[in-house]
Amino acid sequence: MSFPRRLLSDGEEVVAELRHHWVSLGWPLVAMICALALVAGVAIVFSNVPLWLGDAQLALLLIVAAWLAVRWARRSATSIVLTDRRLLVRTGVFGRKGTAIRLDQITGVSYHQTMVQRMIGSGRVLVETAGDSAGATFYNVRRPAAVQNLVTEQTALQHEVNAGQRFGSSYAPQQAVYQQ
């Protein structure tokens with residue numbers, strides 16, 4: 001699902017739309033793989049599966065599929081968008097929650113990856129902000145080091161633009177473009 005352009009301010013440009021890594025599906029994905037393996041194993045072992053066992057397997061598959069579908073919908077309904085002015089986060093399937101962090105309020109960006117996360121290319125990105133807000137933490141982000149660099153670059157560019165506006169300069173820095 002693409003970020004709605006109508007939510008951008010006049011002249012604001014999207015630099016990157018970030019999506020969660022597939023690992024964000026987590027335990028529901030593992031449960032679905034195990035449930036499918038169980039059903040296949042029972043079908044191989046028993047030539048004639050009792051009706052009650054077939055019904056139990058079907059119920060198990062439906063429950064696990066519903067759990068996976070809910071997690072997939074939540075993942076699909078979450079968007080993290082970096083623009084040339086803000087970091088925007090929208091979440092929610094039925095209700096929506098939106099957060100905007102102005103780039104000039106960001107004081108630091110860091111990331112954390114375990115060894116397993118490094119192997120699969122996921123991690124956590126922490127954005128620190130000035131003022132009353134505590135910042136934001138984004139889990140299961142694809143390529144967190146690249147995201148950290150991109151947010152840091154855009155923050156620096158925004159600080160340069162703000163400094164140029166304060167001192168009457170017409171400085172307009174170039175934007176970096178990020179593909180994910």
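All values below come from the heavy atoms of this structure, side chains included, with hydrogens, waters and symmetry mates left out.
Residues Asp84 and Glu12 come closest through the heavy atom pair OD1-CG, 3.4 Å. Residues Thr83 and Gln154 come closest through the heavy atom pair O-OE1, 4.2 Å. Between Ala35 and Leu60 the shortest heavy-atom distance is CB-CD2, 4.1 Å. Phe138 approaches Leu87 most closely through the heavy-atom pair CE1-CD2, 3.7 Å.
With values rounded to the nearest 0.5 angstrom, Trp22 atom CH2 is found 10.0 Å from Asn140 atom CG. The CG atom of Leu53 sits 11.5 Å away from the CG atom of Leu58 when rounded to the nearest 0.5 Å. Considering CH2 of Trp67 and CG of Leu29, their distance stands at 10.0 Å, rounded to 0.5 Å. Leu61 contributes atom CG, which lies 11.5 Å from atom CG of Leu68 (distance to the nearest 0.5 angstrom). Note: Ile120 CD1 to Arg142 CZ = 12.0 Å, rounded to the nearest 0.5 Å. Residue Ile106 holds its CD1 atom at 6.0 Å from CD1 of Ile101, rounded to the nearest 0.5 Å.
The side-chain heavy atoms of Arg124 and Gln113, taken from C-beta on, include no pair separated by under 4.5 Å. Contact annotation: the side chain of Thr78 approaches that of His20 to within less than 4.5 Å [non-hydrogen atoms, C-beta and beyond]. Two residues are said to be in side-chain contact when any heavy atoms from C-beta on lie closer than 4.5 Å; Leu88 and Leu8 meet this criterion. Residues Leu18 and Val81 are not in side-chain contact: their nearest non-hydrogen atoms beyond the backbone lie 4.5 Å or more apart. Looking only at side-chain heavy atoms (C-beta outward), Arg86 and Leu103 stay at 4.5 Å or farther from each other. In this structure, Val141 and His21 have side chains that are not in contact, with every pair of non-hydrogen atoms separated by 4.5 Å or more. With a 4.5 Å cut-off on side-chain heavy atoms, Val151 and Leu82 count as touching.
The backbone N or O of Ala66 lies less than 3.5 Å from no partner atom in the side chain of Arg71, so there is not a single donor-acceptor pair. Judged by distance alone, with hydrogens and angles left aside, the side-chain atoms of Arg102 form no donor-acceptor pair with the main-chain N or O of Arg85 at under 3.5 Å. Under the 3.5 Å distance criterion, the side-chain polar atoms of Gln117 are left unmatched by any main-chain donor or acceptor of Gly123.
Between the side chains of Thr129 and Gln105, no donor N or O sits under 3.5 Å from an acceptor N or O.
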